[in-house]
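By convention in this document, chain letters (A, B, ...) are assigned in the order of the sequence lines, proteins followed by strands, and residues within each chain are numbered from 1.
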2 protein chains.
Amino acid sequence: MTAHDPAHRVRKRGRPTASERVERRAQILEAALPIFLEHGYGNVTFDQLATAARVTKRTIYSYFDDKAGVFTAMVRSLATTVSSDAPDQDTLESLCTRIVYRLNSADLIGLHRLVIAESTRFPELAQTLHDNGDARHIARLADHIRAEFGQVAVPRAQPLFTLLLGEEHRKRLLGLLPPVSLAEAEDHARRALALLGLQSSKTTVPTQAE
Amino acid sequence: MTAHDPAHRVRKRGRPTASERVERRAQILEAALPIFLEHGYGNVTFDQLATAARVTKRTIYSYFDDKAGVFTAMVRSLATTVSSDAPDQDTLESLCTRIVYRLNSADLIGLHRLVIAESTRFPELAQTLHDNGDARHIARLADHIRAEFGQVAVPRAQPLFTLLLGEEHRKRLLGLLPPVSLAEAEDHARRALALLGLQSSKTTVPTQAE
DNA sequence: TATGAATGACACTAACAAGTATCATTATAT
DNA sequence: ATATAATGATACTTGTTAGTGTCATTCATA
């Protein structure tokens, strides 16, 4: 009833203003994300998307062809932002920590789960996610490794990435572990580096225990 | 298969014999597997399951409650056979090769994909798959590592398992790589062991080059 | 100011799928 | 033997959902 409460406001009818029109598409995708993450692509109905976005089905159809169109647009917009955060002045260890933390967040675990689930129907989304995710992460790891340890150590970039994800990431894909904490991510990154002999010279060598 | 080829024989009507009754349930699950693997749980209809199993919907309902019942029974029966092959007399390297080969087979990739996709709706299946899959594999790797390298090396069992899967397994979950060949599996296993310093004393140390 | 475009609200259609009913048929069980 | 249970074939009912139609409303644009 509180007509000014943005959470309960009933969207007014009629043609939107220019700014509203610009934002509408992004709002729809933003609203679709948690719906798809929670229920999975196949179980989401168009009405759910419309309700979540606080628009009608007709409006969504004016922006996208169908449910597949909303889904692919959402995944693409998310996938291309995965690698956008590029504070290039960090160390190998801090880069590893950020990768562990980011890839084990609830959103990215859910996105990965969605794309795996629909990789048969949307193979191009799988390719997009990998190109913008894993491939860029590995390339960036390789750059840092080359800078700190020389060209000879570069082949360890991909195994390092694999270890950064580790069994924990597999468990999270299966819903068997909660999202990682920052402290856990740091610890995990250090141990992965140690396993491959990639400890930074300036950093204390962490004990392998626990 | 054998005399009564299920692909060409028209199943007779009426109450099945005792042996038919025993086999019917397994046949339904066997027929359901490729259907679920190809289309994903949410997109499979009961009629598809019935057609694939060469029975009617009524019959399936006499064995299972609903589609979820067929799915969970199928996944459970498959998951419990994942770790059944136990030629305990092999080396660490041959064990690793078998793990790489098996977990990258089309069937297990598809099963894993299915369970990941439905982990929200069927969390107990995710737990079952992990308990009967990853957990047992890691335990067996730990046994071999302890026998060959002593207790101190046992903590490397889980990282080893992670490296055995590697980026390739992630790509296969996304449908970006075909199933692994036996030769590739061997090569991959050797390189993973070398990265963690777990080369067997009797084996030639493989070069790190790709 | 007048016309048209985009929207919300709501109803509608068509297709599809889950689950049930019926009947003839074949085997089991008593 | 006779009744009963399970099945195949087929049609049916019921619920859900994608997609469309209609109309009033609000704003853009000329």
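- In this structure, B/Gln48 and B/Ser19 both approach DNA chain C, and ranking their closest nucleotides by distance from the 5' end singles out B/Gln48.
- Between B/Arg25 atom CZ and D/dA6 atom C1' there is a gap of 16 Å when expressed in whole angstrom units.
- In this entry the distance linking CG of A/Asp47 with C1' of C/dC10 reads 12 Å, nearest Å.
- Taking every side-chain heavy atom of A/Tyr61 into account, D/dG19 is the closest of D/dG19, C/dG8, C/dT28.
- Atom CG of B/Asn43 and atom P of C/dC16 are 14 Å apart (whole Å).
- Atom CD in A/Glu23 sits about 16 Å away from atom C1' in C/dT7, given to the nearest Å.
- Dashed line: the shortest gap from a side-chain N or O of B/Arg58 to OP1 or OP2 of D/dA9 is not under 4.0 Å.
- Note on A/Glu186 versus A/Arg190: salt bridge recorded, some NZ/NE/NH1/NH2 to OD/OE distance being below 4.0 Å.
- Between the CD atom of A/Glu20 and the P atom of C/dA5 there is a distance of 19 Å, rounded to whole Å.
- Checking the phosphate oxygens (OP1, OP2) of D/dT7, a side-chain nitrogen or oxygen of B/Ser62 falls inside 4.0 Å.
- Sequence order on DNA chain C of the closest nucleotides to A/Lys57 and A/Arg24 puts A/Arg24 first from the 5' end.
- Side-chain proximity of A/Thr45 to the nucleotides D/dA18, C/dA6, D/dA9 is greatest for D/dA18.
- Taking the six-membered ring for Trp and the full ring otherwise, the centers of B/Phe64 and B/Phe71 sit at least 6.0 Å from each other.
- For B/Arg21 and B/Tyr63, the positive end sits near the middle of the six-membered ring, less than 6.0 Å away and at most 45° from its axis.
- With distances taken from any side-chain atom of B/Arg15 to the nucleotides C/dT28, C/dG4, D/dA18, the minimum falls on C/dT28.
- Close to D/dG8, at under 4.0 Å from its OP1 or OP2, lies a side-chain N or O of B/Thr59.
- Contact check, A/Tyr63 against C/dT7: a side-chain N or O comes under 4.0 Å of OP1 or OP2.
- Taking the side chain of A/Asp66 as heavy atoms from C-beta on, and the options C/dT20, D/dC27, D/dG19, the nearest nucleotide is D/dG19.
- Of all the heavy atoms in B/Asn104 and B/Arg172, the pair that sits closest is OD1-NH1, 3.1 Å.
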